[in-house]
Asks: 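Please see the structure below; I have some questions.
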Amino acid sequence: MENKLSFYNTLTRKVEQFIPNEDGRVSMYTCGPTVYHYAHIGNLRSYIVEDLLEKTLRYLGYHVKRVMNITDVGHLSSDADTGEDKMLKGAKREHKTVLEIAKFYTDAFFKDCQKLNIKKPDVVEPATNCISEFIHMIEVLIEKGYAYESGGNIYFDTAKLEEYYVFSSQSEKELLVGVRDDVEADENKKNKSDFVLWFTKSKFEDQELKWESPWGVGYPGWHIECSCISMKHLGESMDIHCGGVDNIFPHHTNEIAQSEAYIGHKWCNYWFHVNHLNDKSGKMSKSNGEFLTVSLLEAKGYDPRAYRLFCLQSHYRKPLEFSYEALDNIAAAYDKLIKKVGMLKNEGEICQSDFDSYKAKFEAALCDDLNSAMAITVLYDMLKDELSDCTKYALAKSFDEVLSLDLTTAYATREADNGVDEEFESYILTKIEERKAAKKEKDFAKADAIRNELLEKGILLEDTREGVKWRKA
RNA sequence: GGCGACUUAGCCAAGUGGUAAGGCGUGGGACUGCAACUCCCUGAUCGUCGGUUCAAAUCCGUCAGUCGCCUCCA
């Protein structure tokens, strides 16, 4: 098939035409969440954009197989032996077991994804499911001379590689690892850039999850899981590996090191990275500033899909700054947009040439390094154009396969779900009738009084062209 | 200290050599008993200073500001 899509490949530092290994088929891997806490909306920006990439590929006609891991073990807050395990930290915080924590936050993650219309990947695999695969890969790495034992742990020997810093233009001499003050050196490492494949000696003895291994009872390092899980489901070559920009180093760098050392050839051709969501003070994180979750946005009255639109109207490679002012902006835009689409009458015959022409424009925007902002402009242009309602409706529905904003259904769903009980609803309807009568009598004082009375009870009346409508204020 | 990114109207944001998309908001208008909704109209010469070019937001350099990475992070 025709390969029209181009996007930025971190490996070559260029926007490149995407050509999969196998014509028409795409294997795609996403670094999933570490399930020790709720995801914040910054984490979710990556998953929204990766969802956009996956859906764009499908829209263009590719068959996509997408795999995501769930990190439920081995993710330390530092790669040295001193860091605390994130999962354990979460378990202590909530007085639960690590497995309970993992299950709870995995479920929470996918609930958030669902609210943001992020499709669940075809394969979702927790790290703890694949311990035997990890052990096998480490054994092979030791056998091939890429890994060594030191101080009870197994390390990857980065000095054995011709090129380790594959994503960086800096020379290795320039890149002084560990220059940051808060990084503690691990004395067991031969080289500063070496990383742990398997822990048996840990400074925290109460690690809950441990497994037998040829090197003693212990647990895997963080990086090994993505290499193993991707190969388990996608084989020894894959097309696209995704993640947030912060994964470029060390996580993805280490994945490439161990994977290509293991298989002995090029592993993944395209590396797709999403930039961060920031707030005024910088990168959003769980420990810095307000902990913004999907549920928090909902509690404040925002539709999660408005946040999706917020992400889509910016470019994935640009930092995006979050503010409530910006979110208010986009929430208003989203409400107007779904109303506009929701009012279209889906009747009559679609004009195929109009349909094809706008669909081509929409695809062209996405194929140009996933320019979703431009794709949304195509949507607005299309809605403003002199097309038949049903053609517009069909186009909106088609675009929504990628945008996933529930364009054609959200308005009707909101109208139907007014969130009040039957008794209150019949009361409202009675009042509306009373007001209608008052208006007919030109008794506007009474009509306004009724409207105000309902407003005090949290109900807003509007005289639209389609008749009187009411909603929660 | 090293490396990198970004800087476009009140806000978000597209645009990668030919004289600034789109959205939200604002203001004005139509409609409406009023309000809301809806519709129409409405705004910037692109951080600074230089350079290249017939032509630059777009290329090069400079300065400034913001942010990121350099073994926790999506």
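Each chain gets a letter, A, B and so on, in the order its sequence line appears, and its residues count up from 1.
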Asks: Taking 4.0 angstrom as the limit, do A:Asp463 and A:Arg435 come out as a salt bridge?
Replies: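 Counted as a salt bridge, because a side-chain N and a carboxylate O are separated by less than 4.0 Å.
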Asks: Taking the minimum atom-to-atom distance to the side chain of A:Lys336, which one of B:G25, B:C73, B:G22 wins?
Replies: B:G25
Asks: Describe the nucleic acid contact of A:Leu277 in one word from base, sugar-phosphate, nothing, applying a heavy-atom distance below 4.0 Å.
Replies: base
Asks: Treating A:Asp369 as the side-chain partner and A:Tyr8 as the backbone partner, does any N or O pair qualify as donor plus acceptor under 3.5 Å?
Replies: yes
Asks: Nearest nucleotide by nearest heavy atom, which residue falls closer to the 5' end of RNA chain B, A:Ile41 or A:Met374?
Replies: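 Between the two, 5'-proximity favours A:Met374.
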Asks: Which heavy-atom pair separates A:Ala39 from A:Asp112 by the least distance, and what is that distance?
Replies: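 Scanning both residues, the minimum pair turns out to be O-OD2, 4.2 Å.
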Asks: Reckon A:Tyr380 touches a base, only the sugar-phosphate, or nothing at all at heavy-atom distances under 4.0 Å?
Replies: sugar-phosphate
Asks: Please classify the nucleic acid contact of A:Gly243 as base, sugar-phosphate, or nothing, using heavy-atom distances under 4.0 Å.
Replies: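 The residue A:Gly243 makes sugar-phosphate contact but no base contact.
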Asks: Across the strands shown, which category fits A:Arg317 at heavy-atom distances under 4.0 angstrom: base, sugar-phosphate, nothing?
Replies: nothing
Asks: Which residue lies toward the 5' end of RNA chain B, A:Gln313 or A:Lys339, if each is placed at its nearest nucleotide?
Replies: A:Gln313
Asks: Classify the nucleic acid contact of A:Lys384 as base, sugar-phosphate or nothing, counting any heavy atom under 4.0 Å across all strands shown.
Replies: sugar-phosphate
Asks: Are A:Glu462 and A:Lys469 within salt-bridge range, i.e. N to O under 4.0 Å?
Replies: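 Salt bridge between A:Glu462 and A:Lys469, a charged N being under 4.0 Å from a carboxylate O: no.
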Asks: Reckon A:Asp448 touches a base, only the sugar-phosphate, or nothing at all at heavy-atom distances under 4.0 Å?
Replies: base
Asks: What nucleotide among B:G33, B:A14, B:G10 has an atom nearest to a side-chain atom of A:Phe444?
Replies: B:G33
Asks: Counting the atoms with a prime plus P, OP1 and OP2 as sugar-phosphate, which does A:His273 contact under 4.0 Å by heavy atoms, base, sugar-phosphate, or nothing?
Replies: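 It contacts nothing in the nucleic acid.
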